[in-house]
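Encoded as structure tokens, the structure appears first; notes follow it.
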Amino acid sequence: MTVAAKENERKGNENNVTYKEARVYLDKVSKYGSVLGLDTVRELLRELGDPQEDLRFIHVAGTNGKGSVLAFISTILSEAGYRTGRYISPTVISYLERIQIDGKWIPEAEFTELVEEVQKAIVRMETRGLGSPTVFEIETAIAFLYFRKKQCDLVVLETGLGGAEDATNIVNNTVAAVFTSISRDHMGILGDTVEEIAEKKAGIIKAGCAVVSAAQEPEVRRILEGRAAKCGCAVRFARPEEAVVVREDHLGQTFSYGGMEHLKIRVSGSYQILNAVTAWEAVRAVNERTGNRITEEAVRIGFEKAQWPGRFTCVTEEPVFIVDGAHNEAGAVWLRKSVERYFPGRRLLCIMGVFRDKEYGRIGEIMAPLADRLYTVSLPDRNRTLPAKELKTAVEPYCKGKVLAMESIEQAVDEALDEAGKEDVILAFGSLSYLGRVIEKVLRGCPSASKMTCGRSHKLVTKREEG
């Protein structure tokens with residue numbers, strides 16, 4: 001008997017599923033892993049009335065920067081008056097943040113109702129001898145149902161893995177296919193070369209849609225242009241070399257680009273200008289296809305309001321505490337550039353946690369030389385994590401200071417805060433999946449600084465102070 005059938009049988013005559021029960025059901029399904037391909041999600045959505053057919057999408061794929069580009073685009077669209085859905089993964093703060101409308105997470109009650117609706121559809125599928133959907137396919141179906149129910153004008157949709165065979169690629173009504181920086185990641189699943197990976201990601205391009213891309217390496221550019229040509233589309237590439245940075249620090253940046261002066265973003269990191277100009281080009285393309293409703297004011301306000309936790313996010317000052325989801329080589333290179341740019345000469349304490357299938361040796365080779373002390377941690381997902389002790393062994397040759405394997409994420413935060421002086425910088429990086437725990441641990445102590453293990457005052461960054 002399948003998971004869905006067992007859950008239905010267990011509930012018997014119960015009237016309602018609770019949010020906790022819905023999450024338990026999805027956690028059970030997640031243990032069966034993921035499968036690339038569209039056949040099962042197509043059948044599931046057909047059983048649910050094909051909600052995706054009543055929606056229009058801005059589809060975002062790439063290796064690094066998808067979340068930031070999605071945040072910029074969707075916030076600008078909301079400011080322009082579009083009811084805008086956003087579907088993201090992974091999440092940092094809460095499971096529910098993966099499905100949002102105009103920046104507001106799906107409520108627990110509505111999420112629970114939709115889980116039950118999808119669960120019943122799965123039982124009907126299984127009764128007919130069809131395959132069981134993966135957890136990502138179920139979550140994708142829930143998102144489409146919610147966005148249709150709330151009559152979203154546009155949905156900004158992030159691919160889960162790759163592009164062509166990702167469950168999100170079941171959509172047809174693509175207004176724009178947007179590509180962030182494409183580099184090596186998920187090798188062995190998407191391909192061993194950047195060309196193979198780009199081919200997979202280019203699969204989200206649909207006939208006649210707008211195609212927008214970040215600046216890419218020549219081999220990636222050729223692949224995107226080739227796929228677009230087959231679909232009758234032209235490609236618009238962002239030009240980050242034309243962006244003029246007016247001011248920047250670890251709390252945000254101001255830049256000029258595309259005829260607009262002094263655009264402000266509340267995210268830092270040298271790579272975020274690349275993401276911002278990619279988002280701006282995508283917004284221009286969408287505007288041309290949806291009636292030119294997006295004003296300059298909406299662009300300015302949207303850029304400044306957009307937030308994306310876990311991407312060079314400053315959690316506290318004194319000492320500065322940064323979290324960043326650099327989980328592959330390209331992300332580590334950008335992170336190192338940002339650290340060297342914003343904190344030259346400052347003592348750096350690092351916390352690092354990664355999945356076993358990532359290029360952790362290369363990430364350590366790039367980042368560990370900067371660290372005066374490096375704390376390794378195991379991730380909450382025990383099936384995928386690289387244990388802290390193994391990570392310590394892998395990165396120790398590259399670190400000039402001590403490398404310590406911690407028993408828990410919370411212990412690593414406590415140790416770093418205890419060790420840090422007022423002028424030092426703490427940086428937690430690696431998988432996004434543990435950064436929420438880091439942020440929660442730091443924030444829990446900030447309202448009452450005396451509770452911090454270091455015994456010092458830690459100033460919480462609650463908003464940007466304009467200077």
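Quick caveat, the model's predicted, so the values are computed rather than measured. Just so it is clear, the values below take in all heavy atoms, side chains as well, and ignore hydrogens, waters and symmetry mates.
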Do the side chains of Phe144 and Leu45 get nearer than 4.5 Å, heavy atoms only?
yes
Minimum heavy-atom distance between Ile409 and Tyr434, given as atom pair plus value
CD1-CB, 3.7 Å
Show me the side-chain donor-acceptor pairs of residues 364-371 shorter than 3.5 Å, one per line, residues at least two apart or across chains.
from   : atom 1 : to     : atom 2 : distance (Å)
Glu365 : OE1    : Arg362 : NH1    : 3.3

In short, ring-ring contact (aromatic ring centres under 6.0 Å, His included) pairs touching residues 348-399 with sequence neighbours left out are none
Between Cys152 and Thr84, what is the shortest heavy-atom contact and its length?
SG-C, 4.4 Å
Min side-chain heavy-atom separation Gln253-Lys264 under 4.5 Å
no
Salt bridge check, Glu196 against Lys200: does any charged N sit closer than 4.0 Å to a carboxylate O?
no
Step-by-step ring pair (Phe, Tyr, Trp, His ring centres under 6.0 Å) determination, His250 to Phe312:
CA-CA 8 Å; His250 62 283; Phe312 210 82; 7.9 Å; no
SB check Arg266 Glu304 (cutoff 4.0 Å):
no
Does any non-hydrogen side-chain atom of Ile122 lie less than 4.5 Å from one of Ile138?
yes
I'd like to check the ring pair (Phe, Tyr, Trp, His ring centres under 6.0 Å) partners of Tyr95; sequence neighbours left out, ordered by chain and number.
Phe111
Checking side chain to side chain donor-acceptor pair (under 3.5 Å) for the pair Gln216/Ser181: CA distance, chi angles, key distance, verdict?
CA-CA 6 Å; Gln216 305 283 2; Ser181 175; 4.7 Å; no
Hey, is the main chain of Arg239 close enough, under 3.5 Å, to the side chain of Tyr257 for a donor-acceptor pair?
yes
Please determine whether a side-chain nitrogen of the Lys or Arg among Glu248 and Arg341 lies less than 4.0 Å from a carboxylate oxygen of the Asp or Glu.
yes
Check the side chains of Glu126 and Ser132 for a donor-acceptor pair under 3.5 angstrom, ignoring hydrogens and angles.
yes
Apply side chain to side chain contact (heavy atoms under 4.5 Å, CB included) to Phe429 and Ile363, showing your working.
CA-CA 10 Å; Phe429 67 93; Ile363 298 169; 3.8 Å; yes
Examine the side chains of Tyr87 and Thr140 and answer whether a donor and an acceptor come within less than 3.5 Å of each other.
yes
Run through Val69, Leu70, Leu77 and flag the one making a side chain to side chain contact (heavy atoms under 4.5 Å, CB included) with Ile58.
Leu77
With a 4.5 Å limit on heavy-atom distance, are the side chains of Val211 and Leu224 in contact?
no
Could you give me the CA-CA distance, side-chain angles and deciding distance for Arg221 and Glu217, then say whether salt bridge (Lys or Arg N to Asp or Glu O under 4.0 Å) is met?
CA-CA 6 Å; Arg221 185 180 180 114; Glu217 294 298 323; over 6 Å; no
Between Ala214 and Ala238 the two heavy atoms that sit nearest each other are CA-CB, 4.2 Å
side-chain hydrogen bond (donor to acceptor under 3.5 Å, both in side chains) filter on Glu288, not counting sequence neighbours, yields Arg236
Those residues that, when tested against Lys150, pass salt bridge (Lys or Arg N to Asp or Glu O under 4.0 Å) (two or more places apart):
Glu110
Knowing that exactly one of Arg346, Lys400, Lys402, Arg347 qualifies, which makes a salt bridge (Lys or Arg N to Asp or Glu O under 4.0 Å) with Asp372?
Arg347
SG (Cys350) and CZ (Arg373) are apart, to the nearest 0.5 Å, by 12.5 Å
When you look at NZ of Lys389, are more than 12 heavy atoms from neighbouring residues, nucleotides or ligands closer to it than 6.0 Å?
no
Is any side-chain heavy atom of Ser431 closer than 4.5 Å to one of Val354?
no
Check this for me: does any side-chain nitrogen of one of Glu43 and Arg46 sit under 4.0 Å from a carboxylate oxygen of the other?
yes
Run the side chain to side chain contact (heavy atoms under 4.5 Å, CB included) check on Val438 and Phe321 step by step: do they pass?
CA-CA 10 Å; Val438 172; Phe321 199 125; 3.6 Å; yes
With sequence neighbours excluded, give me every salt bridge (Lys or Arg N to Asp or Glu O under 4.0 Å) pair touching residues 70-95.
Glu79-Lys305
Checking the side chain of Lys66 only, and the main-chain atoms of Gly62 only, is there a donor and an acceptor separated by less than 3.5 Å?
yes
Just jot down the ring pair (Phe, Tyr, Trp, His ring centres under 6.0 Å) partners of Tyr82, sequence neighbours excluded, or say none.
none
Would you say Thr385's side chain and Asp381's backbone share a donor-acceptor pair under 3.5 angstrom?
no
Would you mind listing every ring-ring contact (aromatic ring centres under 6.0 Å, His included) that reaches into residues 162-181, with sequence neighbours excluded?
none
Quick check on Gln151: does its CD atom have over 12 non-hydrogen neighbours (other residues, nucleotides or ligands) under 6.0 Å away?
no
Without hydrogens or angle criteria, can the side chains of Gln52 and Asp50 be said to hold a donor-acceptor pair below 3.5 Å?
yes
With sequence neighbours excluded, tell me which residues meet side-chain hydrogen bond (donor to acceptor under 3.5 Å, both in side chains) with Asp27.
none
How far apart are the C-alpha atoms of Arg356 and Glu390, what are their side-chain angles, what is the distance that settles it, and do they pass the salt bridge (Lys or Arg N to Asp or Glu O under 4.0 Å) test?
CA-CA 10 Å; Arg356 182 183 291 279; Glu390 289 186 39; 3.3 Å; yes
Modelled atom types, side-chain donor and acceptor of His59 and Thr168, under 3.5 Å
yes
Ile205 and Cys209 have their tightest heavy-atom pair at CG2-SG, 4.2 Å
Of all heavy-atom pairs between Ala176 and Val286, which one has the smallest distance, and what is that distance?
CB-CG2, 4.1 Å
Results of side-chain hydrogen bond (donor to acceptor under 3.5 Å, both in side chains) for Glu297 - residues two or more places apart only:
none
Between Ser378 (side chain) and Ala388 (backbone), is there a donor-acceptor pair under 3.5 Å?
yes
If you round to the nearest 0.5 Å, how far is CD1 of Ile142 from CG of Leu26?
5.5 Å
Would you say the side-chain atoms of Asn169 pair up with the backbone N or O of Ala164, donor to acceptor, closer than 3.5 Å?
yes
Nearest heavy-atom contact between Val135 and Val29 is N-CG1, 3.6 Å
Counterpart residues, side-chain hydrogen bond (donor to acceptor under 3.5 Å, both in side chains), relative to Asp153 (two or more places apart):
none
Strictly below 4.0 Å, N to O, side chains only: are Arg128 and Glu47 in salt-bridge contact?
yes
The criterion is ring pair (Phe, Tyr, Trp, His ring centres under 6.0 Å); which residues satisfy it with Tyr146, sequence neighbours excluded?
none
Main-chain N/O of Glu97 paired to Gln100 side chain as donor or acceptor, under 3.5 Å:
yes
Would you find a donor on one side and an acceptor on the other, under 3.5 Å apart, between the side chain of Thr180 and the backbone of Asn64?
yes
Could you check whether any side-chain N or O of Ser338 sits under 3.5 Å from a backbone N or O of Arg336, counting only pairs where one atom can act as donor and the other as acceptor?
no
